[in-house]
Number of protein chains: 2
Amino acid sequence: MSRLKPTIEDVARVAGVSRATASRAINNAPGASEPLRARVHAAVAKLGYQPNETARALASGRQRAVDVIVVTYGPGIRWLRAHPYFSRVLAGMMPVLEGANAQLRLHAVGHAAATEAIDEIAANTTLGAVLADITPALANRFYSRCRRTVSMVPTASSVPAMQADNIGGAYAAVNHLHQLGHRRIAAVHGPALNPCAVDRRTGYLRAVRKLGLTEVSADGDFRREGGYHAAKTLIEQHPDIDAMFVACDLMAAGAVQAVTASGRRVPDDVSVIGFDDSIAAVCTNPPLTTMRLPVEDMAVAATRLLLEGTPAPGHRQRFPVDLVVRDSVRP
Amino acid sequence: MSRLKPTIEDVARVAGVSRATASRAINNAPGASEPLRARVHAAVAKLGYQPNETARALASGRQRAVDVIVVTYGPGIRWLRAHPYFSRVLAGMMPVLEGANAQLRLHAVGHAAATEAIDEIAANTTLGAVLADITPALANRFYSRCRRTVSMVPTASSVPAMQADNIGGAYAAVNHLHQLGHRRIAAVHGPALNPCAVDRRTGYLRAVRKLGLTEVSADGDFRREGGYHAAKTLIEQHPDIDAMFVACDLMAAGAVQAVTASGRRVPDDVSVIGFDDSIAAVCTNPPLTTMRLPVEDMAVAATRLLLEGTPAPGHRQRFPVDLVVRDSVRP
DNA sequence: ATGAAAGCGCTAACAC
DNA sequence: GTGTTAGCGCTTTCAT
C-alpha cells in the first residue's frame, strides 16, 4: 500500500483515463462511453476506492445532510434519555434519509449557548434542518439565517412547520371523558415554555368551559416524576376528581402510579387519558387510552419537504390527533 | 448584500490583512499580533462571518464528527421508535460531543444493504464511529476498514468495546429471585442473533444450573409485544411459575401485562425482574425491579475514547450491571 | 509577525 | 466523448 486512501486521481491513472472521465463514470453522469465506464469501475473495485464526501461536498457546493436540532432545557442528557419523542422523530427521518442517501446530523444545543450554536448550525446546513424542539424565538432566529427549515413544534407563523392539532386533541380528550360520564376532570399540564404544552392546556381549558366543568389544573414537566407529583397533589387537594387529562404519556404513567398509590384504581375510580401514544402508553398498567400524536408521520413529511427544496414561508402541514382507546378510561 | 455568505477572503479584505492572518486569528492560532487579531475579529462580527466547515475539513484533513451506526433488522423504523436504548446512547454521547465541539452523524443501516453502507461510512469517518447495535461479522468488517471504532455491544475480540456484564447481570437477577424464595423461575429471552440477548440467556442458564432449578424459557424479540406473548405462553404452559426473568424492560412491561391478564398479580403471585433500567422500567405498574445497564455511562466512555485517539485493538472497558430494586419482585 | 502561494479531493466548465 | 483546467473555502508551509 503506497497510500492510505486512493483518490480519484489513482482511479483515473489505473483506468488510463482522465480525472473528469473517472468522475463521470463514478457518478453515473452522462458523457462517458461504456468501455471507459467499465474500466473505471474496474479500477474502483481494484483499489477499493471510496469517494471523499468532504471534497465532493466542497467542490459541488452541495452536501446531502439534514440537521436535526433540539434545544434542551436543564440537563439535556436526562431529557433526551427519558423522552420517547426524540427517537420517534429520528425513527421517522432515518428511512427517508437512507432512501435519499443523505446524512443525519444531530445537534443537542443547551439553552444557555443556544444562540451562537444555532447560528453556526444555520451557516452550515445543506439540505436543511428539522427543528425538533425549540422555542419560537430561536426558531425565528434560525429561520432568518436558513430558509431550508421546518419545525416540528408550533412556532412563529413564518417558519414552515408540521402542525399537529394539539388544541383539538386536548379538547377531544376532555370531551371523550365527558361523554363517558366524567364530570370532575382535572388536568396535568406540561412546561409553561413548551409550545405543545401550551396548546394542550388551551384545548383543556376550552373544553372545560364549553362543557361547563370546573377547571382543576396542576403543572408538570413532561417527565414521569412530574406527572406523579402533580397527580398526587391533585388527588390530595381534590379527592373527588374522577378523571385526569394528562398532557403526555410519560406524565400519565406517573399519574397512574400516583392514583394507584392513593389506594384508588385506574380506571374504576379515576380515569386517566394521556397524550402522544408513545411507547410509554403501552408500558403502563392498564395500558393508556391516549391521544395519538403522529410524530413519525410528521418527521417523514418534514424530511420529505426538505428533500424537495426550500419550503414556502409559513408552510403548514396539518396532522390530526386521534383518540386511541385502551384501558385507562372507564367505559 | 453583495454575497450570500462572506468568506474568509472577505474578512481578510475588510480587516486589511491576508487570508493567512485572518485564518490564524479566527482559529486562535499562534503567529498573529494582538492588533491584527482584533481587526480580524471586528471584521468577523461586522460581516457575520461563519467558517465553512466543509472547506475547513478538506483543507485541514481533519473533521470533528463521530458516526453512530445502528444496523436494523426488519422494519428499522419500528425498532428505532420503540426501543429506549438508542436515545440512551445518543443522550450519553451528545453532551461530551457538544463539549468537544464535534458533530454526531447518525446512520441507521438496513440489514440488507449493510455491507456497502458500512464500507462507505468507514471511508468517511473522522473522529471515529460508535457501533451502537451490530453483529460481530459487520463489526469486524467495519473495524478492518476503520480503526477508530468502539462497539457498544459484544463483538469479535479485536474490536474495541464497552463491555457490560450481561452474563453476570442475568445471573445476579436469577440469584436475587432465588434468595427471595422463588423456585420456579422462567425466562423470556431476546433475539437469538443479538449478542446481548445471548449473554443474558447464558447468565440465566448458568444460574438455573448452579441453583439446581429447572429451566423454563420462551423466546421474545426485545419488544413489548414479544414479551407479552412469551409470558402468556409461559403462564399457560407452566401455571406454577412464581417468577420471571425477562431479558429487557420493554418485554418485561409486556410480561407484567400478561401476568395481570391471566388474573395473577405482580409481585404477589408472580415476580418479574427486568433488564436495562430504561424508561420503560418506571412506566409499568408496579415499577420494575430490574438490572441496570449503564448505557449512558457506556456511551460517554465510548465517545471519550474516540476523542482521545485510536483505541487499542481489543480494548475493553467493563461496566457492572447492578440490581435496582423497585416493586415487581415479592420481597 | 505577516503574506504569497500551494494544495486538500473533487466537480464542472470549457475546449478539443 | 474525452481531457484540461479552474476553482469550492479553507489551512498551512514557506518566504519575507
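In what follows, every chain begins at residue 1, and chains take the letters A, B, ... in the order their sequences are listed.
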Ignoring the backbone of [X], work out which of [options] is nearest its side chain.
X        : options                   : answer
Arg56(B) : dC10(D), dC10(C), dA12(C) : dC10(D)
Ala32(B) : dC10(D), dT2(C), dT11(D)  : dT2(C)
Ser23(B) : dC10(C), dT11(D), dT11(C) : dT11(D)
Asn52(B) : dC10(D), dT2(C), dC10(C)  : dC10(D)

If we ignore angles and hydrogens, is there a donor and acceptor under 3.5 Å between the side chains of Asn124(B) and Arg56(A)? no

Between the side chains of Ser87(B) and Ser87(A), is a donor N or O closer than 3.5 angstrom to an acceptor N or O? yes

[N] [atom2] sits how many Å from [X] [atom1], rounded?
X         : N       : atom1 : atom2 : result
Asn124(B) : dC8(C)  : CG    : C1'   : 14 Å
Gln63(A)  : dC10(C) : CD    : P     : 15 Å
Leu36(B)  : dG3(C)  : CG    : P     : 6 Å
Arg37(B)  : dG3(C)  : CZ    : P     : 13 Å
Glu53(A)  : dC8(C)  : CD    : P     : 19 Å
Glu34(B)  : dA1(C)  : CD    : P     : 11 Å
Ile8(B)   : dA4(C)  : CD1   : C1'   : 15 Å
Leu58(B)  : dG9(C)  : CG    : P     : 7 Å

Can you find a pair of side-chain heavy atoms, one from Phe142(B) and one from Thr149(B), that are under 4.5 Å apart?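 Yes, close enough: below the 4.5 Å cut-off.
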
Less than 4.0 angstrom from a charged side-chain N to a carboxylate O is my criterion; do Arg141(A) and Asp119(A) meet it? yes

Comparing Ala55(A) and Val17(B) on DNA chain C - which has the more 5′ nearest nucleotide: Val17(B)

Taking Thr126(A) for the side chain and Gln63(A) for the main chain, is one N or O donor matched with an acceptor at less than 3.5 Å?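 Between the backbone of Gln63(A) and the side chain of Thr126(A) there is a qualifying donor-acceptor contact (under 3.5 Å).
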
Report each atom pair, protein N/O against N/O of nucleotides 4-7 of chain D, whose distance is under 3.5 angstrom.
residue: dA6(D); atom: N6; partner: Arg19(A); partner atom: NH2; Å: 3.1

Test applied, side-chain contact (heavy atoms from CB on, under 4.5 Å); reference residue, Arg88(A); option that passes from Met152(A), Glu296(A), Met93(A): Glu296(A)

Across the strands shown, which category fits Gly31(A) at heavy-atom distances under 4.0 angstrom: base, sugar-phosphate, nothing? base

Any side-chain N or O of Ser33(B) below 4.0 angstrom from OP1/OP2 of dT2(C)?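 For Ser33(B), the contact criterion (side-chain N or O under 4.0 Å from OP1 or OP2 of dT2(C)) is met.
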
dT12(D), OP1 or OP2 - any side-chain N/O from Arg62(B) closer than 4.0 Å? yes

So, is the end of the Arg147(B) side chain (NZ or CZ) under 6.0 Å from the ring centre of Tyr143(B) and within 45° of the ring's axis? yes

